[in-house]
Amino acid sequence: MTVGDRPPQDPLRCVKPAVRAAKAYTLVAREAPVKINQNENPYDVPEALKDRVLERARRRPWSRYPPFDPADLLEALGRHAGWRADGILAGNGSNELIQALLLATVGAGTRVAIPEPTFTLYGLLTSILGGERITVPLAPDLSYDAAALAAPRADVTVVCSPNNPTGGALPLDALRGLCAESPGLVVVDEAYHEFAGFSAVPLLGHHPNLVVLRTFSKALSLAGLRVGYLLAAPELVREVNKARLPYNVNFFSHDAALAALAEAGRLGENVRRIVAAREALFAALRGMAGVRPHPSQANFILFELDREPRPVFDRLYARGVLVRDVSGYPRLERCLRVSVGTEAENAAFLDALRAAMAEAA
């Protein structure tokens, strides 16, 4: 048979069925004068911090790899978080470390308990890796049901606390009980913990099955540079490290992370500003007819409408305000999510929402 006689080859035959069946994590690219849809910190890092990082980057040879094991960054993270450096992994955002952790622990038949609704990446990766996803519904008020999380006795239980997109957090007492009862790993994604004012890290020394994930993207204003870190028992970190890509933190992000940690106290002032703005925004939404905001311990607020949300979303966007349409999530059919912005952004959002609700009435 000649090459021309061969049947056409289908490259998709080589893709795992679980991947072909999965829906990719996506975000429609949109821009707006008031862009409050991605839970970003509205306050940039100080110019002086940028200058220090840029100057260090200029002095570095760009033809050389970054540190293979960034010991200085791990030590700084340990001091910042209050955990031992050999129990920490740094990554290209916490999402990469979620992937590495699940690569190291999830395979065919692995039972992974995941709340619903929550960040969709956990379920997507579980399915791709062949794990059995066990959906654990949130309570009727969208808070965590600790007993329901413990009930499956899963190999891995993943908890986003505070939860994206609902904003609720799992109390430490409930988390302590979950770690004690679970036969498997308990993974706590703390991307938003600074806005809640508490962390699971103090429990690490008592529960070797606990894993904590954090990011520089929210409170520390480095979303554009993609830095995250994982904290766990050193013996577990050594295994997860085998699934980490080499040189995964580039030298620019490495240096920016060190600079941000040195300025963590100053950057924390913005966290306090955001928390105060969140409470003011929540009160304003609660006083608006047809709108029901859900309590949040993060830097965003989920709000439910008394009507279909998409026309309201479109009217907001037409007024230059971009929020997140989360109505495709289970149980959030009438919900939108707004990130806490600057004072001016929050005021523009409230004005636009009032107008949009009036038009949609």
Side-chain angles (χ1 to χ4, degrees), residues 14-22 24-25 65-78 81 83-114 118-134 154-161 164 179 182-191 200-201 204 207-217 222 225-251 253-254 257:
C14 302
V15 178
K16 293 191 294 186
V19 174
R20 296 188 67 176
Y25 180 85
Y65 286 111
F68 187 80
D69 289 309
D72 54 348
L73 178 57
L74 298 181
E75 292 287 347
L77 288 170
W83 186 238
R84 49 193 296 176
D86 61 349
I88 302 176
L89 280 181
N92 180 26
S94 58
N95 288 347
E96 184 203 25
L97 297 172
I98 293 170
Q99 182 185 53
L101 175 66
L102 295 182
L103 277 171
T105 58
V106 175
T110 306
R111 302 171 73 246
V112 183
I114 302 174
T118 194
F119 186 39
T120 58
L121 188 64
Y122 315 137
L124 173 63
L125 290 173
T126 297
S127 297
I128 288 174
L129 293 170
E132 177 189 351
R133 177 179 177 179
I134 303 170
D155 301 300
V156 180
T157 301
V158 184
V159 180
C160 185
S161 181
N164 178 19
C179 290
S182 177
L185 294 182
V186 177
V187 182
V188 181
D189 185 346
E190 285 194 342
V201 168
L204 283 169
H207 299 283
N209 61 334
L210 175 62
V211 181
V212 179
L213 293 151
R214 287 181 169 182
T215 183
F216 281 65
S217 294
L222 292 186
L225 297 186
R226 311 302 299 133
V227 183
Y229 56 110
L230 177 152
L231 307 103
E235 58 269 28
L236 178 59
V237 165
R238 285 193 292 271
E239 299 304 315
V240 176
N241 191 40
K242 297 173 184 178
R244 176 182 65 90
L245 295 176
Y247 308 110
N248 59 330
V249 179
N250 68 75
F251 74 74
S253 296
H254 169 276

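- For H207, there are no side-chain hydrogen bond (donor to acceptor under 3.5 Å, both in side chains) partners two or more places apart in sequence or in a different chain.
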What donor-acceptor contacts under 3.5 angstrom involve side-chain atoms of residues 99-113, with partners at least two apart or in another chain?
residue	atom	partner	partner atom	Å
T105	OG1	L101	O	2.8
T110	OG1	G107	N	2.9
T110	OG1	G107	O	3.1
R111	NH1	P152	O	2.8
R111	NH1	R153	O	3.4
R111	NH2	P152	O	3.4

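- Qualifying side-chain hydrogen bond (donor to acceptor under 3.5 Å, both in side chains) partners for S94, counting only residues two or more places apart in sequence or in other chains: none.
- One finds the CG atom of N250 at 7.5 Å from the CG atom of N92 (value rounded to the nearest 0.5 Å).
- Taking every heavy atom of both residues into account, A18 and S127 meet most closely at CB-O, 3.3 Å.
- Of all non-hydrogen atoms in A90 and N248, the two that sit nearest each other are O-ND2, 3.0 Å.
- Residue pairs meeting the ring pair (Phe, Tyr, Trp, His ring centres under 6.0 Å) criterion with at least one member in residues 225-250, sequence neighbours excluded, are Y65-Y247, F68-Y247, F216-Y229.
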May I have the step-by-step check of side-chain contact (heavy atoms from CB on, under 4.5 Å) for R214 and V201, ending in yes or no? CA-CA 10 Å; R214 287 181 169 182; V201 168; 3.4 Å; yes

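- Not a single donor-acceptor pair under 3.5 Å links the side chain of D189 to the backbone N or O of V159.
- One N or O on the side chain of W83 and one on the backbone of A232 form a donor-acceptor pair closer than 3.5 Å.
- With hydrogens and angles disregarded, no donor-acceptor distance shorter than 3.5 Å links the side chain of E190 to the backbone of V212.
- Listed by chain and residue number, A22, Y25, L121, I128 satisfy the side chain to side chain contact (heavy atoms under 4.5 Å, CB included) test with L124 (two or more places apart in sequence, or in another chain).
- Every pair tested for salt bridge (charged side-chain N to carboxylate O under 4.0 Å, His left out) that includes a residue from residues 93-103 fails, sequence neighbours excluded, so the list is empty.
- Here the straight-line distance linking atom CG of N241 with atom CG of L97 works out to 10.0 Å at 0.5 Å rounding.
- Here the closest heavy-atom approach between residue P183 and residue A154 is recorded as CG-O, 4.0 Å.
- Taking 4.5 Å as the limit, every side-chain heavy atom of V211 sits out of range of all side-chain heavy atoms of V188.
- Every pair passing salt bridge (charged side-chain N to carboxylate O under 4.0 Å, His left out) that includes a residue from residues 229-241 is listed here, sequence neighbours excluded: E239-K242.
- Side-chain atoms of P66 and H254, non-hydrogen and from C-beta on, never get closer than 4.5 Å to each other.
- The side-chain hydrogen bond (donor to acceptor under 3.5 Å, both in side chains) test applied to R133 returns no partner, not counting sequence neighbours.
- Annotation for N209 and C179: closest pair ND2-O, 3.0 Å, computed over non-hydrogen atoms.
- Every residue meeting the salt bridge (charged side-chain N to carboxylate O under 4.0 Å, His left out) condition with R244, not counting sequence neighbours, appears here in chain and number order: D69.
- At a threshold of 4.5 Å between non-hydrogen side-chain atoms, the residues L89 and V240 count as touching.
- With sequence neighbours excluded, the residues forming a salt bridge (charged side-chain N to carboxylate O under 4.0 Å, His left out) with D86 are R84, listed by chain and number.
- With sequence neighbours left out, Y122 forms a ring-ring contact (aromatic ring centres under 6.0 Å, His included) with F119.
- A donor-acceptor contact closer than 3.5 angstrom is absent between the side chains of R226 and S253.
- Two residues are said to be in side-chain contact when any heavy atoms from C-beta on lie closer than 4.5 Å; I88 and V237 fail this criterion.
- Applying the side-chain hydrogen bond (donor to acceptor under 3.5 Å, both in side chains) criterion to T157, with sequence neighbours excluded, gives no partner residue.
- Taking 4.5 Å as the limit, some side-chain heavy atom of V187 sits within range of a side-chain heavy atom of V156.
- Under the 4.5 Å side-chain criterion, counting only non-hydrogen atoms from C-beta, I98 is in contact with L213.
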Would L210 and L231 count as a side-chain contact (heavy atoms from CB on, under 4.5 Å) if you check the C-alpha gap in whole Å, the side-chain angles of each, and the deciding distance to 0.1 Å? CA-CA 9 Å; L210 175 62; L231 307 103; over 6 Å; no

